[in-house]
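Here's the structure we're looking at; comments come further down.
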Amino acid sequence: MSRAVLAVASECAPVIKTGGLADVVGALPGALKLLGWHIRTLIPGYRPVMAQLEKAEVLAELPDLLGVSARILGARVGELELFVLDAPALYDRPGTPYLNEAGRDWPDNDLRFAALSLAGAAIAGGVLEMWIPELVHLHDWQAGFVPVYLRQLRLEVPTLFTVHNMSFLGLTRRERMLALGLPQSLFTIEGFEYWGQVSALKAGLTLATKLTTVSPTYARELMRPEFGMGLEGVMRLRAADLVGILNGIDTKVWNPRTDPAIVPFDHPAGKAPNRRALRAAFGLEPGPGPLAAVVSRLSDQKGLDLLIQALPVFLAQGGQLVLLGSGEKELENALLALAERHAGRVAVRIGFDEALAHLIYAGADAVLVPSRFEPCGLTQLYALRYGAVPVVARTGGLADTVIHANVAALATGCATGIVHNPGDAQALAEALLDLCALYSDRAVFTKLQQNGMAHPVGWEASAPRYAALYGELAALNG
Ligand code: ADP
């Protein structure tokens with residue numbers, strides 16, 4: 001008999017995805033199932049989610065969920081067992097899960113995700129009758145109020161809060177507390193008060209039974225002011241309850257031997273037809289240097305402004321760059337201008353395109369991740385698996401997953417990529433020169449690629465660690 005866990009999240013791949021959070025939330029149920037845990041995931045019924053549901057079953061009516069009429073639907077999408085919060089007043093809109101069509105946060109995001117959290121607490125409290133979880137696994141600020149509502153409902157259900165990105169604080173004004181059904185008693189330093197505002201992230205951090213984040217290095221970084229977003233003190237206080245568990249990737253979906261979006265391969269040489277297809281897709285001619293790629297949300301975090309500065313030396317060595325991304329308008333424009341300046345050597349596609357992302361990992365010689373901070377990062381893991389050499393900043397999960405090709409690592413044959421100082425355009429430029437030098441030696445470069453392709457990037461190591469935590473938490477249940 002497997003044991004029941006409710007996951008609460010704002011994204012879950014392949015149903016709805018804007019970034020790595022979705023991949024992880026979508027992969028954990030499969031990984032944990034093998035270890036005896038049955039995860040069902042509660043997500044909002046955004047318009048594209050509702051459009052994908054077949055044979056959804058109404059499991060509960062919530063006529064007044066923070067003033068909104070809602071239902072909890074049960075549905076299966078592939079292997080995933082979902083609870084979908086169907087609340088048209090909150091979720092039946094265009095745009096992304098968080099932004100309107102003009103790229104601005106929905107003004108009622110606080111209510112949209114407070115409602116999700118309250119519905120999660122209600123499920124934990126038995127509103128579905130036929131299914132009661134032993135614990136609740138909360139992902140990021142959108143689920144941060146779950147422990148608050150559990151308290152208010154006088155439910156002692158253990159919770160695990162996973163921080164996928166500390167920079168999203170889930171802030172709202174204190175005047176909104178009444179509308180969100182939040183108690184004044186928790187508007188304190190020990191509760192969810194954050195510089196005079198309310199932070200859903202802080203609620204999760206202070207009130208969840210245990211905490212995880214998505215890499216061991218990020219777990220340490222979060223206790224430092226440069227990364228802690230003002231919550232480093234909270235993290236230090238909770239250090240005994242916090243562990244860093246490295247993300248894995250779904251190696252069934254991301255398998256270069258079977259991926260339907262590419263010409264399958266199991267050796268670096270098999271990347272050639274994909275490289276041709278990738279260049280064709282971006283309108284580039286073959287070049288003498290490496291074909292580097294970026295697949296990314298476009299935000300300050302990702303350090304792409306540094307790449308714009310560092311790129312000329314790389315292009316001068318014959319390198320080319322393809323970039324797929326979407327996000328902040330200013331960065332989009334700067335990157336489009338870069339492509340125009342270096343036509344024929346740099347090509348940029350603005351948008352979100354899952355199939356093209358697969359082709360990029362399969363066709364690129366290198367994948368660049370120059371992030372200023374990176375909780376775990378998944379793109380470098382896809383790159384490893386698809387024989388694209390990752391060039392990454394030494395921060396968070398990037399530091400934990402790539403073995404730098406220094407002389408010692410090359411000599412012992414264990415190098416998988418290039419690691420450089422974060423937040424430093426000069427260091428990135430030097431890393432790109434190293435890439436060109438390694439690329440010019442076929443045998444060395446092929447060995448790097450092979451090492452990467454053989455590097456374990458699935459959930460084998462991390463799923464048992466989540467299972468162990470689930471076991472510990474469930475034992476608190478009595
Ligand atoms: P983050 O979660 O901060 O965005 P991660 O590296 O953890 O960064 O995860 C990013 C995920 O989103 C990867 O699966 C990546 O392939 C995907 N991704 C990012 N931008 C795009 C895009 N424009 N088109 C397709 N996939 C994208």
Side-chain angles (χ1 to χ4, degrees), residues 9-28 96-99 103 139-142 162-168 213-215 217-218 227 244-256 259 261-262 278 281-282 293-304 322-329 331-332 335-336 347-364 367-386 388 390-393 395-402 417 422 457 462:
S10 58
E11 307 184 18
C12 181
V15 185
I16 182 83
K17 165 169 169 176
T18 74
L21 168 67
D23 288 336
V24 175
V25 171
L28 277 176
T96 80
Y98 318 113
L99 308 174
H139 295 276
D140 269 356
W141 74 265
Q142 294 87 354
T162 295
V163 182
H164 296 262
N165 194 327
M166 193 75 155
S167 72
F168 299 114
T213 189
V214 289
S215 70
T217 295
Y218 196 54
F227 298 95
I245 304 180
L246 206 54
N247 281 338
I249 62 172
D250 188 330
T251 48
K252 277 206 230 109
V253 176
W254 295 91
N255 183 349
D259 189 333
I262 65 170
L278 177 57
F282 277 87
V294 171
V295 180
S296 186
R297 280 189 300 115
L298 302 181
S299 81
D300 187 55
Q301 171 192 342
K302 300 294 179 176
L304 297 171
V322 295
L323 181 145
L324 168 65
S326 63
E328 288 166 15
K329 287 280 164 286
L331 253 175
E332 290 185 359
L335 289 163
L336 288 169
V348 168
R349 182 79 52 88
I350 300 299
F352 195 96
D353 187 335
E354 190 77 27
L356 183 58
H358 283 245
L359 178 63
I360 290 177
Y361 298 120
V367 164
L368 315 181
V369 197
S371 304
R372 290 190 161 81
F373 67 94
E374 193 59 74
C376 179
L378 296 180
T379 53
Q380 83 281 10
L381 302 181
Y382 300 131
L384 286 168
R385 183 123 168 102
Y386 281 63
V391 179
V392 305
T395 184
L398 299 173
D400 290 331
T401 53
V402 178
V457 287
S462 295

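In each ligand, atom 1 is the first atom listed, and ligand 1 is the first ligand listed. Nothing here was measured: the structure is a model prediction, and the numbers come from that model.
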When the ring centroid of W254 is compared with that of Y382, is the distance short of 6.0 Å?
yes

Qualifying residue for side chain to side chain contact (heavy atoms under 4.5 Å, CB included) with F373, from K302, Q301, M166
Q301

Nearest-0.5 Å distance that lies between atom [atom1] in [X] and atom [atom2] in [Y]:
X    : Y    : atom1 : atom2 : result
Q380 : S371 : CD    : OG    : 8.5 Å
C376 : L381 : SG    : CG    : 5.5 Å
R372 : T395 : CZ    : OG1   : 11.5 Å

May I have every N or O pair linking ligand 1 to the protein at under 3.5 Å, one per line with atom names and distance?
{"from": "ligand 1", "atom 1": "2 (O)", "to": "G20", "atom 2": "N", "distance (Å)": "2.7"}
{"from": "ligand 1", "atom 1": "3 (O)", "to": "R297", "atom 2": "NE", "distance (Å)": "3.4"}
{"from": "ligand 1", "atom 1": "3 (O)", "to": "R297", "atom 2": "NH2", "distance (Å)": "2.7"}
{"from": "ligand 1", "atom 1": "3 (O)", "to": "K302", "atom 2": "NZ", "distance (Å)": "2.8"}
{"from": "ligand 1", "atom 1": "4 (O)", "to": "R297", "atom 2": "NE", "distance (Å)": "2.8"}
{"from": "ligand 1", "atom 1": "6 (O)", "to": "L378", "atom 2": "N", "distance (Å)": "2.9"}
{"from": "ligand 1", "atom 1": "6 (O)", "to": "T379", "atom 2": "N", "distance (Å)": "3.4"}
{"from": "ligand 1", "atom 1": "7 (O)", "to": "L378", "atom 2": "N", "distance (Å)": "3.4"}
{"from": "ligand 1", "atom 1": "8 (O)", "to": "K302", "atom 2": "NZ", "distance (Å)": "3.1"}
{"from": "ligand 1", "atom 1": "9 (O)", "to": "G20", "atom 2": "N", "distance (Å)": "3.1"}
{"from": "ligand 1", "atom 1": "14 (O)", "to": "K17", "atom 2": "NZ", "distance (Å)": "2.8"}
{"from": "ligand 1", "atom 1": "14 (O)", "to": "D23", "atom 2": "OD2", "distance (Å)": "2.7"}
{"from": "ligand 1", "atom 1": "16 (O)", "to": "Y361", "atom 2": "OH", "distance (Å)": "2.8"}
{"from": "ligand 1", "atom 1": "23 (N)", "to": "G351", "atom 2": "O", "distance (Å)": "2.8"}
{"from": "ligand 1", "atom 1": "24 (N)", "to": "D353", "atom 2": "N", "distance (Å)": "3.0"}

Measure from the side-chain N and O atoms of S462 to the backbone N and O of L246, and report whether any donor-acceptor pair falls under 3.5 Å.
yes

